[in-house]
Structures are given as structure tokens and as C-alpha cells.
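Numbering of ligands and ligand atoms starts at 1, following listing order.
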Amino acid sequence: MLLLLPSLLLPTAKDEAAFAAARGKMVREQILERGITDSRILNAFRRVPRHLFVAPQYRDQAYGDFPLPIEENQTISQPYIVAIMTSVIAPAYKKKVLEIGTGSGYQAAVLAELVREVYTIEIIPQLAQKSKKLLEGMGYKNIHCRTGNGYLGWPEAAPFDGIIITCAPDHIPPLLLEQLAVGGRMVIPISYSTTVQDLLLVEKLPNGKLKKTNLIPVMFVPMIRAGNAR
Ligand code: SAH
């Protein structure tokens, strides 16, 4: 399948074995041993080749316990944070998930291993094009990519069983809440200042009320405001 990616400097088979070993270690030490034990989720992380989502000069660090830079001053999140967000949003029954902030496409690929359809929006066109090409080249047919302002969501595909926001706004975007199904879950970093953010779980209960739970402090890049965002 990797042969479908002619534009990448491809790792050799020997490199691939080393990357697979590093990936196994990442899953064990950074995800399983920190309490995420759902085997479906662990297997999704074992399958997705994270090193293909980072720039070639960072490949050797792709399985480290930290975020890494991608293009346009953006970042691919630390594996454990991707795992927490995934475990909140993607238990077996979740069918359709919206992601805001495609970035490298890594989180979208992990989700695509677990749910039926993934819709993902990226505001920076260069990143959107690059991740779309990569995900298509890897053979994912259940990821729908769009270039645009995620603050507005993807109304034509709503409602979503899960919404995962990987950039930090200072409030919950109201249109995203509208596009969350009853019984659905949203996971969103909310920034209270330039240095303080909380990862929030927002559940839309069967009676339509919202239940908010603080999960952990996090540090995401800010959600970019476009002209018509508010
Ligand atoms: N999920 C990504 C990491 C995302 S970094 C991964 O797995 O690699 C956050 C991304 O959100 C950046 O690429 C940034 O350009 C994007 N972003 C910021 N504001 C946005 C907005 N309003 N709409 C859509 N994407 C946005």
C-alpha cells in the first residue's frame, strides 16, 4: 500500500520494522500503561504509521512522548492526548465523527480505524491538501476532507455522534453544538488565556441538556478565526 505514495521519501523495509517496534512500545508505555485499555483503540494505534504523518526530518522521533511540529507552524499532538480524545469519542457504537483541525491527518486516520465515517475540516489550504492526499494514498475511503472554517462545522453531514476539536477556541462554537446528535459527545480544548486550556467533554444528554466535564489541562494551537466566524 505504501507504494501508492510516490511523492514521499519512503522508508525501507528495515526502517519499517524499526518503526513498527517503536509503535508497539508507544502503545504499551504511553497509552496502555496510562490506563487506556480498550483493545480496539490500542489496535488502531498499532495500525496507523504515525511516522508518515510527520516531516521526514522528524520521522525518528515520531513515536516519542511529545507533540511534533508539522507545516505552517502547526503541531501533531502527543500520542497520549490523541488516545484520550479518541477514547472519549470513539467507543464501538459511534458511527459518524467530525474532526476540526485535520493538521497532519493522524487523528483522522486513527478515528477512521474505529468508526464508520470521519469528516474532517482544515482551515489552512496547504495542510488540507497535503493530508487529504496522504490519507487517500493510504487507502482510507471513510475519511471526508474539507478545506474551510471548522467553527461553522459541516451542516450537510450533521448530526454527528462525536465531534473532536483539535485546536482551541475560547468558547464552544454554537454551530458545532447544534450539529452534535442527541446522545453524542464532543471533546474540545477551551482556552481561558494564552497559557491555560482545559480539555472538556461535552455530552448532549437524551433530554437535550448539556453535561460538561473537565478532563485534563492541555496545550493546543488556537482555533483560527475567519472573517465570518462569529
Ligand atoms: N489533529 C491534527 C493536529 C491538529 S493541530 C493531527 O492529528 O495532526 C490543529 C489544526 O487545527 C491546525 O492544522 C490548524 O491549522 C487547524 N485549525 C485552526 N483553526 C481552525 C479552524 N477554524 N477550522 C479548521 N481548522 C483549524
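No side-chain heavy atom of Tyr151 sits under 4.5 Å from any side-chain heavy atom of Leu176. With a 4.5 Å cut-off on side-chain heavy atoms, Ile84 and Ile216 count as touching. Between Arg23 and His51, some side-chain heavy-atom pair lies under the 4.5 Å cut-off. Side-chain contact check for Ile89 versus Leu111: some heavy-atom pair is nearer than 4.5 Å.
Close contacts of ligand 1 with Ile121, meaning ligand atoms under 4.0 Å from a residue heavy atom, involve 24 (C), 25 (N). Interface of Gly148 with ligand 1, defined as ligand atoms under 4.0 Å from a residue heavy atom, comprises 23 (N), 24 (C). Atoms of ligand 1 lying under 4.0 Å from at least one heavy atom of Asn149, given by number and element, are 21 (C), 22 (N), 23 (N). Atoms of ligand 1 lying under 4.0 Å from any heavy atom of Leu127, numbered from 1 in the order shown and given with element: 13 (O). Distances below 4.0 Å separate heavy atoms of Ile124 from the following atoms of ligand 1: 15 (O).
Here the protein heavy atom with the shortest distance to atom 7 (O) of ligand 1 is Gln107 N, 3.0 Å. When hydrogens are left out, the protein atom nearest atom 9 (C) of ligand 1 is Thr166 O, 3.2 Å; that is the closest non-hydrogen contact. Closest protein heavy atom to atom 3 (C) of ligand 1: Thr75 O, 3.3 Å. Closest to atom 15 (O) of ligand 1 among all protein heavy atoms lies Glu122 OE2, 2.6 Å. Summary of contacts: the protein heavy atom closest to atom 17 (N) of ligand 1 is Cys167 SG, 3.7 Å. Of the protein's non-hydrogen atoms, Gln74 OE1, 3.3 Å is the one closest to atom 12 (C) of ligand 1. Among protein heavy atoms, the minimum distance from atom 26 (C) of ligand 1 is reached at Ile123 CG2, 3.6 Å. Protein heavy atom in closest approach to atom 23 (N) of ligand 1: Gly150 N, 2.8 Å.
Looking at Glu71 and Lys130, a side-chain N of the basic residue comes within less than 4.0 Å of a carboxylate O on the acidic one, giving a salt bridge.
Under a 4.0 Å heavy-atom criterion, Pro169 is not in contact with ligand 1. The shell of residues lying under 4.0 angstrom from ligand 1, judged by heavy atoms, includes Thr102.
Using a 3.5 Å distance cut-off with no hydrogens or angles, the side chains of Glu122 and Thr102 do not pair a donor with an acceptor.
Tyr119 and His144 have parallel rings, their planes meeting at less than 30° on a 0 to 90° scale where 60° marks the start of perpendicular.
The nearest non-hydrogen atom to atom 8 (O) of ligand 1, considering only Ser104, Gly103, Ser77, comes from Ser104.
In this structure, Arg50 forms a cation-pi arrangement with Tyr106, its terminal cationic atom sitting closer than 6.0 Å to the ring centre and no more than 45° off the ring axis.
Residue Ile224 touches ligand 1 through backbone and side chain together, judged by heavy-atom distances below 4.0 Å. Neither the backbone nor the side chain of Arg225 has a heavy atom within less than 4.0 Å of ligand 1.
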What side-chain donor-acceptor pairs closer than 3.5 Å can you find for residues 197-205, not counting sequence neighbours?
{"from": "Gln197", "atom 1": "OE1", "to": "Phe220", "atom 2": "N", "distance (Å)": "2.7"}
{"from": "Gln197", "atom 1": "NE2", "to": "Phe220", "atom 2": "O", "distance (Å)": "2.9"}
{"from": "Lys204", "atom 1": "NZ", "to": "Leu177", "atom 2": "O", "distance (Å)": "2.8"}
{"from": "Lys204", "atom 1": "NZ", "to": "Leu180", "atom 2": "O", "distance (Å)": "2.8"}

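Here side-chain hydrogen bond (donor to acceptor under 3.5 Å, both in side chains) pairs that include residues 80-89, with residues two or more places apart or in two chains, are Thr86-Gln107.
Tested against Asn142, the residues Glu117, Lys96, Glu113 include a single side chain to side chain contact (heavy atoms under 4.5 Å, CB included) partner, Glu117.
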